[in-house]
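Some notes on the structure that comes next.
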Amino acid sequence: MAAESGGKIDPMHQFLIEPLFGRHWIVNGYDLSFTNSALWMVITVLSLAVFMAGGMRRELVPGRWQAAAEGFTGFVQNMLTSNIGPEGKRFVPYVFSLFMFILFANVLGLLPFGVVPGWHPFTVTSHITVTGVLAIISFAIVLIVGFGRHGFHFFSLFVPHGTPVLMIPLIFVVELMSFLVRPFSLGLRLFVAMTAGHILLKVLAGFVINGLNLGVGYAAIVTLPSFALMIGITLLELLVAAIQAYVFALLTSVYLNDAVNLH
């Protein structure tokens, strides 16, 4: 749960990375402790593995579980083929894994485990280190595909067709900077969306708890409206969790299109 001090709730405490059981494992000067962040990444991967195992039964009449897994797979495949073309199917395994990991991580971070003393969910996508690594991996794949497929001709991506000769040096620099900013904007977008939503929910939770502690009158004025707003924002956050996973996968497919279909 959030840290409480003097009746105040710290909305930033939920993002604190701590070693499990309070033990640090130092090896050759490096802290290799298994943290709450690592634990929830493992939980995310295991949950995704269970979901896919149940959805890959290949039954003649698909059940709901199999239909859900096939629906997600078809959704990602259609997104890639519409953006890249038939060659987009080559990238389905990676983009599908990326989309599902972000989706599961976002949703698991919203589950109400806080009702169990000593437990609270941890949203790994609320840390720029996680979203940044995912963005860098996607960006690296784009570079590998681009240079592997087109060689140095890939640099023509930074000079749009029809650019006046005198403007080529300036346009090249502008387009190159825009291209290099992509991994930062990709990782930052997901990080900010998850962090802001969770802070707002924790602030509203503080209003609810403090209103209850102050008595019936404050509960009617502060607690009930805050609780109702908290429920509405939680539902909105579930939608944002899905949208952010989709946006991350969509932009990755758009960047891959630039590498595959160089104009």
Side-chain angles (χ1 to χ4, degrees), residues 37 40-56 65-111 123-146 148-149 157 178-198 236-262:
S37 177
W40 280 93
M41 279 190 273
V42 171
I43 292 175
T44 299
V45 172
L46 291 178
S47 301
L48 180 55
V50 170
F51 174 77
M52 292 307 300
M56 296 175 65
W65 202 332
Q66 182 179 340
E70 291 178 353
F72 280 118
T73 306
F75 171 75
V76 172
Q77 181 173 322
N78 291 335
M79 178 177 64
L80 286 168
T81 53
S82 63
N83 284 320
I84 302 175
E87 292 191 54
K89 294 181 180 180
R90 297 165 48 196
F91 305 103
V92 169
Y94 171 70
V95 177
F96 175 78
S97 300
L98 185 68
F99 170 75
M100 295 299 290
F101 176 82
I102 295 174
L103 178 63
F104 270 61
N106 291 349
V107 173
L108 286 172
L110 290 169
L111 294 181
T123 309
V124 297
T125 49
S126 65
H127 280 260
I128 189 65
T129 51
V130 175
T131 61
V133 167
L134 294 176
I136 290 172
I137 292 174
S138 299
F139 188 68
I141 292 175
V142 170
L143 292 178
I144 292 171
V145 172
R149 187 180 180 90
L157 175 67
S178 175
F179 182 79
L180 294 177
V181 166
R182 286 180 174 182
F184 297 99
S185 62
L186 192 61
L188 193 62
R189 183 183 293 104
L190 177 58
F191 155 70
V192 170
M194 291 297 101
T195 302
H198 283 69
L236 179 61
E237 275 297 294
L238 287 172
L239 179 62
V240 170
I243 291 176
Q244 288 301 318
Y246 167 70
V247 169
F248 203 103
L250 176 64
L251 290 177
T252 299
S253 68
V254 171
Y255 300 157
L256 284 169
N257 176 57
D258 291 339
V260 174
N261 302 313
L262 187 61

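As a basis for the values below, the full set of heavy atoms in this structure was taken, side chains included, without hydrogen atoms, waters or symmetry mates.
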Point-to-point distance, once rounded to the nearest 0.5 Å, from [atom1] of [X] to [atom2] of [Y]:
X: F191; Y: T123; atom1: CZ; atom2: OG1; value: 12.5 Å
X: R189; Y: M194; atom1: CZ; atom2: CE; value: 12.5 Å
X: E237; Y: I243; atom1: CD; atom2: CD1; value: 10.5 Å
X: I136; Y: I141; atom1: CD1; atom2: CD1; value: 12.5 Å
X: Y246; Y: S253; atom1: OH; atom2: OG; value: 7.5 Å
X: L251; Y: N83; atom1: CG; atom2: CG; value: 9.5 Å

Which heavy atom in [X] sits nearest to a heavy atom in [Y], and how many Å separate them?
X: A135; Y: G187; value: CB-N, 3.7 Å
X: G109; Y: H198; value: O-NE2, 3.5 Å
X: V142; Y: F179; value: CG1-CZ, 4.3 Å
X: I84; Y: N257; value: CA-OD1, 3.7 Å

**Request:** Go through L238 and L110 one step at a time and tell me if the side-chain contact (heavy atoms from CB on, under 4.5 Å) criterion holds.
**Result:** CA-CA 8 Å; L238 287 172; L110 290 169; 3.6 Å; yes

What pairs of donor and acceptor atoms, side-chain ones from residues 71-78 against any protein atom, are under 3.5 angstrom apart with sequence neighbours left out?
from : atom 1 : to  : atom 2 : distance (Å)
T73  : OG1    : A69 : O      : 2.9
N78  : ND2    : G74 : O      : 3.1

Can I get a per-line list of side-chain donor-acceptor pairs under 3.5 Å for residues 91-108, giving both atom names and the distance, sequence neighbours left out?
from : atom 1 : to   : atom 2 : distance (Å)
Y94  : OH     : S138 : N      : 3.3
Y94  : OH     : S138 : OG     : 2.6
S97  : OG     : P93  : O      : 2.7
N106 : OD1    : T125 : OG1    : 2.5
N106 : ND2    : I102 : O      : 3.3
N106 : ND2    : A241 : O      : 3.1

**Asked** Among I43, T44, V50, whose side chain to side chain contact (heavy atoms under 4.5 Å, CB included) with S47 holds?
**Response** I43

**Item:** For E87, all residues meeting salt bridge (charged side-chain N to carboxylate O under 4.0 Å, His left out), sequence neighbours excluded
**Value:** R90, R149

**Sidechain-backbone polar pair: S126 side chain, T195 backbone, donor-acceptor under 3.5 Å** = no

**Request:** Decide yes or no for L190 and V130: does some side-chain heavy atom of the first lie under 4.5 Å from some side-chain heavy atom of the second?
**Result:** no

**Prompt:** Do L188 and T131 touch side chain to side chain, with heavy atoms closer than 4.5 Å?
**Reply:** no

**Prompt:** Quick one: are the ring centres of F139 and F184 less than 6.0 Å apart?
**Reply:** no

**Prompt:** Would you say the side-chain atoms of H127 and S37 include a donor-acceptor pair closer than 3.5 Å?
**Reply:** no

